[in-house]
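The basis for the numbers below is simple: all heavy atoms, side chains too, and nothing from hydrogens, waters or symmetry mates.
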Amino acid sequence: MSMIKTTGVCKTFHGSQGRGPLEVLKNISLTVEQREVVCIIGPSGAGKSTYLRALNHLETIDEGQIFIEDKLLFDCHHGINKVKMHHDERGKALLEVGMVFQRFNLFPHKTTIENVMLAPMHVRKLSLEEARERSKQILERVGLGDKIDAYPAQLSGGQQQRVAIARALAMEPRIMLFDEPTSALDPELVGEVLAVMKQLAGQGMTMLVVTHEMGFAKEVADRVVFMFEGAILETNSPEVMFNKPENDRTRQFLQSVL
Ligand SMILES: Nc1ncnc2c1ncn2[C@@H]1O[C@H](COP(=O)(O)OP(=O)(O)OP(=O)(O)O)[C@@H](O)[C@H]1O
Ligand SMILES: [Mg+2]
């Protein structure tokens, strides 16, 4: 079973105020297998975030198919989804996909554990006790067992991002999407977040990670995907991607960032 599969995904943003249409995703086909860690790299504006957001239905697509755990959720032509499925059924399938963003967006007036408990209670309908117990365990897993009653403002950026990861994990997703989870952090805080992600990968979580952390991609990814101007130009093992990339654009990009 593939955890994520997309075929021929296309997306155009129609510019406002005189700007022309912008084709941000051009025929994106990508499969992520169970327990695989796939890193997406590429320059700003390549369409990386748009692609991740499309997988989670935070963004619509014009063309192409999206399967989650082999279930076809979207089969779009001219922006119309041909898959007839009840809203709840699609929502349930999408609950298998957790997402962590660059900005953590924790509720400032709720404590660490309350931030983590909210969705399991309201969406998964766990009791208060169950949600609290589960959240506590997960916060311990991300190294925040001693911060459960702190408010976000009392935490470092790295700790806040680990709360955001815990919040996603509390929904027990089978796939985790990360969109540059460390790029808003001070350099000294990046390592602790990458360590949690590495641990998660080691536990067999299926992960699709947009990152500028080439060291992480080298060490943890099974495959690395290079996106450029809305297209996937190269998919390779980290060894090949970072030592002898096949595409000239990949080589230029890596020279500029390494
Ligand atoms: N809602 C929107 N409306 C119009 N254009 C958009 C919208 N969202 C993104 N874009 C444009 O689509 C292109 C791709 O954006 P996207 O955020 O997916 O890039 P990215 O690869 O994630 O870049 P970065 O590395 O800077 O995060 C960019 O040119 C961006 O300006
Ligand atoms: Mg982005």
Next item on the list: Output, in order, the C-alpha distance, side-chain angles, deciding distance and verdict of side chain to side chain donor-acceptor pair (under 3.5 Å) for Ser49 and Asp179.
Entry: CA-CA 6 Å; Ser49 296; Asp179 191 0; 2.6 Å; yes

Margin query: Has Gln161 got a side-chain atom pairing as donor or acceptor with Pro181's backbone, closer than 3.5 angstrom?
Written below: yes

Item checked: Val240 vs Glu246 side-chain heavy atoms within contact, under 4.5 Å -> yes

Next item on the list: Please assess Glu63 against Val9 for the test side chain to side chain contact (heavy atoms under 4.5 Å, CB included), listing each intermediate value before the final yes or no.
Entry: CA-CA 5 Å; Glu63 304 294 330; Val9 168; over 6 Å; no

Next item on the list: Tell me whether Val116 is reachable from Leu200 by hopping between hydrophobic residues (I, L, V, M, F, W, Y) whose side-chain heavy atoms are closer than 4.5 Å.
Entry: yes

Checklist line | Val97 and Pro173, any side-chain heavy atoms less than 4.5 Å apart | finding: no

Next item on the list: Taking Asp75 for its side chain and Lys82 for its backbone only, find out whether a donor-acceptor pair lies under 3.5 Å.
Entry: no

Margin query: Hydrophobic clusters here meaning ILVMFWY residues chained together by side-chain heavy-atom distances under 4.5 Å, can you tell me if Phe178 and Leu58 are in one?
Written below: no

Next item on the list: Say whether, by atom type as modelled, one donor and one acceptor occur between the side chain of Asn115 and the main chain of Pro108 under 3.5 angstrom.
Entry: no

Notebook entry, point to check: Can you list the steps and then say if Gln102 with Ser183 is a side chain to side chain donor-acceptor pair (under 3.5 Å)?
Noted result: CA-CA 6 Å; Gln102 184 175 355; Ser183 57; 3.1 Å; yes

Next item on the list: Determine, stepwise, if the pair Arg134 / Glu172 fulfils salt bridge (charged side-chain N to carboxylate O under 4.0 Å, His left out).
Entry: CA-CA 10 Å; Arg134 182 190 290 184; Glu172 303 194 315; 3.4 Å; yes

Margin query: If the test is salt bridge (charged side-chain N to carboxylate O under 4.0 Å, His left out), which one of Lys5, Arg174, Lys92 qualifies with Glu69?
Written below: Arg174

Check: Is it true that a side-chain atom of Glu96 and a backbone atom of Ala93 form a donor plus acceptor pair closer than 3.5 Å?
Finding: no

Margin query: Between Lys11 and Glu23 (salt bridge meaning N to carboxylate O under 4.0 Å), is one present in this structure?
Written below: no

Checklist line | In one Ile/Leu/Val/Met/Phe/Trp/Tyr side-chain cluster, 4.5 Å: Leu95, Ile66 | finding: no

Margin query: Quick one, Lys71 and Met85 - any side-chain contact, counting heavy atoms below 4.5 Å?
Written below: yes

Checklist line | Side-chain heavy atoms of Val225 within contact of Leu30, under 4.5 Å | finding: yes

Checklist line | Test item: Asp222 side-chain N/O and Val37 main-chain N/O as donor-acceptor pair under 3.5 Å | finding: yes

Note to self: Taking the ring centre of each residue, are His109 and Tyr151 less than 6.0 Å apart?
What the structure shows: no

Checklist line | Short side-chain to backbone donor-acceptor contact, Arg167 and Phe104, under 3.5 Å | finding: yes

Note to self: side chain to side chain donor-acceptor pair (under 3.5 Å), that's the test. Do Thr6 and Tyr51 meet it? Break it down for me.
What the structure shows: CA-CA 10 Å; Thr6 66; Tyr51 178 64; 2.9 Å; yes

Notebook entry, point to check: Are Phe253 and Phe226 near enough that their ring centres are under 6.0 Å apart?
Noted result: yes

Check: Between Gln159 (side chain) and Ser156 (backbone), is there a donor-acceptor pair under 3.5 Å?
Finding: yes

Checklist line | Where Glu180 and Lys48 come nearest, the two heavy atoms and their spacing | finding: OE2-CE, 4.0 Å

Next item on the list: Look at the side-chain heavy atoms of Ile, Leu, Val, Met, Phe, Trp and Tyr, link any pair under 4.5 Å apart, and say whether Val196 and Met99 land in one connected group.
Entry: no

Next item on the list: Could you walk me through whether Glu36 and Thr206 pass side chain to side chain donor-acceptor pair (under 3.5 Å), step by step?
Entry: CA-CA 5 Å; Glu36 211 182 8; Thr206 304; over 6 Å; no

Notebook entry, point to check: Do Asn236 and Arg223 come within less than 4.5 Å of each other through their side chains, counting heavy atoms only?
Noted result: no

Checklist line | Val100 reachable from Met207 in the ILVMFWY side-chain graph, under 4.5 Å edges | finding: yes

Notebook entry, point to check: Given side chains that start at C-beta, do those of Thr12 and Val24 come closer than 4.5 Å, heavy atoms only?
Noted result: no

Check: Are any of the side-chain heavy atoms of Phe67 and Thr31 separated by less than 4.5 Å?
Finding: no

Check: Would you say the side-chain atoms of Arg53 pair up with the backbone N or O of Glu59, donor to acceptor, closer than 3.5 Å?
Finding: no

Check: Ignoring hydrogens and geometry, is there a side-chain-to-backbone donor-acceptor pair from Thr250 to Pro245 under 3.5 Å?
Finding: no

Checklist line | Student check: side-chain heavy atoms of Val257 and Met214 closer than 4.5 Å | finding: yes

Margin query: Do Arg90 and Phe74 form a cation-pi contact, if we require the NZ or CZ to be under 6.0 Å from the six-membered ring centre and within 45 degrees of the ring's axis?
Written below: yes

Checklist line | Lys125 (side chain) donor-acceptor with His122 (main chain) under 3.5 angstrom | finding: yes

Checklist line | Test applied, side-chain contact (heavy atoms from CB on, under 4.5 Å); reference residue, Pro152; option that passes from Thr111, Leu106, Thr112 | finding: Leu106

